[in-house]
Chemist: 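Below is a structure I'd like to ask you about.
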Amino acid sequence: MKITSIEINVIEMPLKDPFLTHLGAVKVREGIIIKITNSDGVSGFGEGVAFSTPWYTEETVKTSLHMLTDFLVPLLQKNPIDHPAQSSQLFSSLRRNNMAKAALETALWDLYAKSTSQPLSITLGGTRSVVASGVVVATDSTTKALRQIEQYLQEGYQRIKVKINPKLDYSFLSDIRREYPDLAIMADANSAYTLADMDQIKALDDFNLMMIEQPLSNDDILEHALLQKEIKTPICLDESICSFDDARKAIEFGSCKVINIKVGRVGGLNEAKRIHDYCFEKGIPVWCGGMIEFGISRAHNISLASLPGFSIPGDISASNRFWEEDIITPEVNVQNGSVAVPSSPGIGFEINEKRLQQVLQWKDIITF
Ligand code: OSB
Ligand code: MG
């Protein structure tokens, strides 16, 4: 892979509606779009999914830029690679900063797939031509949640995830269950509970949830195992799983029955695939998590979710779930509850240059 330049773009776009969790509201999304070009003039794209503030993980847009410009890009300049998997090896000499690493690594995968004229899904070992779509409702109002669920079901989404916390759980979920007795619902707590809330969490077994996502601390594996022994609802881990080893330990300890794989959180597609392969072998279902992302990360998620172990609809929603206009063309669309996996080389979507320029805040080009 003879790299000639790496372009780093910082963009910013307002969400159509604020995204509310117990940790705060996201109203405007900043993000990083990476473009890596090779000596044949082929470009691969990646997206940095850290937020402006460290509310979900410790990374931010600024820490990502620091890691990219001061460490990760220089590592690639000094160490030419032949395959994207070698970049995860290279980046492992730097601790964590997984979203910054994934921004570059995913761009290398797109570039590699394009330079071998293969769809990224095939390069990764994908087997599906469509992936099932799910969507997230993130509001603290039951009325709004019911209205949004109705709209999303009309749009065809196959499952709904709702954000919960100790002040918004039992009666919120029973109102939703009453309206939709058969709906595939999962609840995401984003670490809002502790083991002291055991009885309150146990009560949620009443709602036949597909799973409860990350009820306990963001960095915990042990206490989730204690909790899983006490509740019927399967636990899904999100924040706690930042690497293959985290996934292996969580499964060995019985801390979860499902894993949400996010490419950014685990440092790239190579690690995401390793986690997928391990879970597939162990019979642990996985699904692809969302990050309120723009089209580039959305596209990488679609290719990843085409792997056989992604047996549960992920946070794979249409571009119009969050954005008036996305930065890719065509936009991601949901049809009959699914998104088509592209069959053209790489991620299978082009950059919408006009839209990118409209939302661009800052840009740097590093030549090799
Ligand atoms: O906890 O899964 C989460 C969005 C941003 C940060 C964390 C989470 C989320 C979501 C996914 O819930 C929303 C989406 O992009 O579909
Ligand atoms: Mg989550």
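We count ligands from 1, going down the list as the structure has it; atoms in each ligand are counted the same way. Side-chain atoms are counted along with the backbone in the values below, which use heavy atoms only and exclude waters and symmetry mates.
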Chemist: Could R355 and W323 be counted as a cation-pi pair, given that NZ or CZ must be under 6.0 Å from the ring centre and within 45° of the axis?
Modeler: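 Pair R355/W323 does not count as cation-pi.
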Chemist: With a 3.5 Å distance limit and no angle check, can you tell me whether D246 reaches the backbone of A250 through a side-chain donor-acceptor pair?
Modeler: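 Flag not set: sc D246 to bb A250 has no pair under 3.5 Å.
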Chemist: Tell me: protein heavy atom nearest atom 16 (O) of ligand 1, and distance?
Modeler: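 So the nearest neighbour among protein heavy atoms is D315 CB, 3.5 Å.
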Chemist: Between N190 and ligand 1, does any nitrogen or oxygen pair lie at a separation below 3.5 Å?
Modeler: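 Yes, since at least one N or O of N190 sits under 3.5 Å from an N or O of ligand 1.
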Chemist: Are any of the N or O atoms of M291 closer than 3.5 Å to those of ligand 1?
Modeler: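 Yes - when backbone and side-chain N and O of M291 are compared with those of ligand 1, one distance drops under 3.5 Å.
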Chemist: Show me which atoms of ligand 1 lie under 4.0 Å from any heavy atom of E213.
Modeler: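 It comes down to these atoms of ligand 1: 2 (O).
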Chemist: Quick one: look up the protein heavy atom nearest atom 5 (C) of ligand 1 and list residue, atom name and how far away it is.
Modeler: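 Going atom by atom, the protein heavy atom closest to atom 5 (C) of ligand 1 ends up being F51 CZ, 3.5 Å.
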Chemist: To make sure I understand the geometry: which N, O or S atom in D188 is closest to the Mg ion (ligand 2)?
Modeler: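 Looking at D188, the N, O or S atom with the least distance to the Mg ion (ligand 2) is OD2.
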Chemist: Is the Lys NZ or Arg CZ of R274 less than 6.0 Å from the centre of F244's six-membered ring, within 45° of the axis?
Modeler: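 That pair qualifies as a cation-pi contact.
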Chemist: For a distance under 2.8 Å, tell me if E213 has an N/O/S atom near the Mg ion (ligand 2).
Modeler: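 Looking at E213, which is the residue asked about, there is an N, O or S atom under 2.8 Å from the Mg ion (ligand 2).
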Chemist: Nearest to the Mg ion (ligand 2), which N, O or S atom of D238 do we find?
Modeler: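 Restricting D238 to its N, O and S atoms, the minimum distance to the Mg ion (ligand 2) goes to OD2.
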Chemist: What heavy-atom pair brings W362 and L360 nearest, and what distance separates the two atoms?
Modeler: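 Smallest heavy-atom distance, with atoms named: O-CD1, 3.5 Å.
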Chemist: Just let me know how V135 lines up against ligand 1, side chain, backbone, both or neither, with a heavy-atom cut-off below 4.0 Å.
Modeler: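 Under 4.0 Å from ligand 1, V135 contributes no heavy atoms.
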Chemist: Taking Q214 for its side chain and D238 for its backbone only, find out whether a donor-acceptor pair lies under 3.5 Å.
Modeler: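 Yes; judged by distance alone, with no hydrogens or angles, the pair exists.
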Chemist: What residue and atom, counting heavy atoms only, is the protein's closest point to atom 9 (C) of ligand 1, and at what distance?
Modeler: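 That would be G290 O, 3.6 Å.
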Chemist: How close does the nearest protein non-hydrogen atom get to atom 6 (C) of ligand 1, and which residue and atom is it?
Modeler: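 Result for atom 6 (C) of ligand 1: W55 CH2, 3.5 Å.
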Chemist: Is R321 close enough to touch ligand 1? Criterion: a residue heavy atom under 4.0 Å from a ligand atom.
Modeler: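 Checking ligand 1 against R321, which is what was asked, there is no heavy-atom contact under 4.0 Å.
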Chemist: Distance only, no hydrogens: is a donor on one side chain within 3.5 Å (strictly under) of an acceptor on the other, for N190 and E239?
Modeler: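 Side-chain D/A pair, N190 to E239: present.
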Chemist: Has R29 got its NZ or CZ under 6.0 Å from the middle of the six-membered ring of F51, at an angle within 45 degrees of the ring axis?
Modeler: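 Relative to the ring axis of F51, which defines the angle, R29 lies inside both limits.
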Chemist: For ligand 1 and K163, I'd like to know whether there is a polar contact (N/O to N/O, distance under 3.5 Å).
Modeler: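 Yes, since at least one N or O of K163 sits under 3.5 Å from an N or O of ligand 1.
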Chemist: Just to confirm my output: which protein heavy-atom neighbour is closest to atom 7 (C) of ligand 1, and how far is it?
Modeler: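 Nearest neighbour among protein heavy atoms for atom 7 (C) of ligand 1, to 0.1 Å: K262 NZ, 3.3 Å.
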Chemist: Using a 4.0 Å heavy-atom threshold (strictly under), name the region of D238 that reaches ligand 1: side chain, backbone, both or neither.
Modeler: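 Looking at D238 and ligand 1, just side chain atoms fall under 4.0 Å.
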Chemist: So, 4.0 Å and heavy atoms of Q214: is ligand 1 close enough to count as a contact?
Modeler: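 Per 4.0 Å heavy-atom rule, Q214 does not contact ligand 1.
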Chemist: Measure I292 to ligand 1 on non-hydrogen atoms and call it side chain, backbone, both or neither using the 4.0 Å cut-off.
Modeler: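 Near ligand 1, I292 shows its backbone as well as its side chain.
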Chemist: Does only the side chain of D188 get under 4.0 Å from ligand 1, or the backbone, or both, or neither? Count heavy atoms.
Modeler: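 Looking at D188 and ligand 1, just side chain atoms fall under 4.0 Å.
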Chemist: With under 30° as parallel and over 60° as perpendicular, where do the rings of F310 and H276 fit, or are they tilted in between?
Modeler: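 The rings of F310 and H276 lie parallel, inter-plane angle below 30°.
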Chemist: So, E58 and R96, do they make that salt bridge, N to O below 4.0 Å?
Modeler: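 Salt bridge flag = yes for R96 with E58.
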Chemist: Walk me through whether K249 and E252 qualify under salt bridge (charged side-chain N to carboxylate O under 4.0 Å, His left out).
Modeler: CA-CA 5 Å; K249 288 171 198 166; E252 274 176 17; over 6 Å; no
Chemist: What atoms in ligand 1 come closer than 4.0 Å to a heavy atom of F322?
Modeler: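 The atoms of ligand 1 under 4.0 Å from a heavy atom of F322 are 14 (C), 15 (O), 16 (O).
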Chemist: State yes or no: are the ring centers of F207 and Y170 separated by less than 6.0 Å?
Modeler: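 Yes: the rings meet the under 6.0 Å criterion.
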Chemist: A quick test of your reading: do over 12 heavy atoms of other residues, nucleotides or ligands sit less than 6.0 Å from CD of E350?
Modeler: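 Atom CD in E350 is not packed in, count stays at 12 or less.
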Chemist: Output yes when the distance from some N or O of ligand 1 to some N or O of R298 is under 3.5 Å, and no in every other case.
Modeler: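 Among all N and O atoms of R298, none is under 3.5 Å from an N or O of ligand 1.
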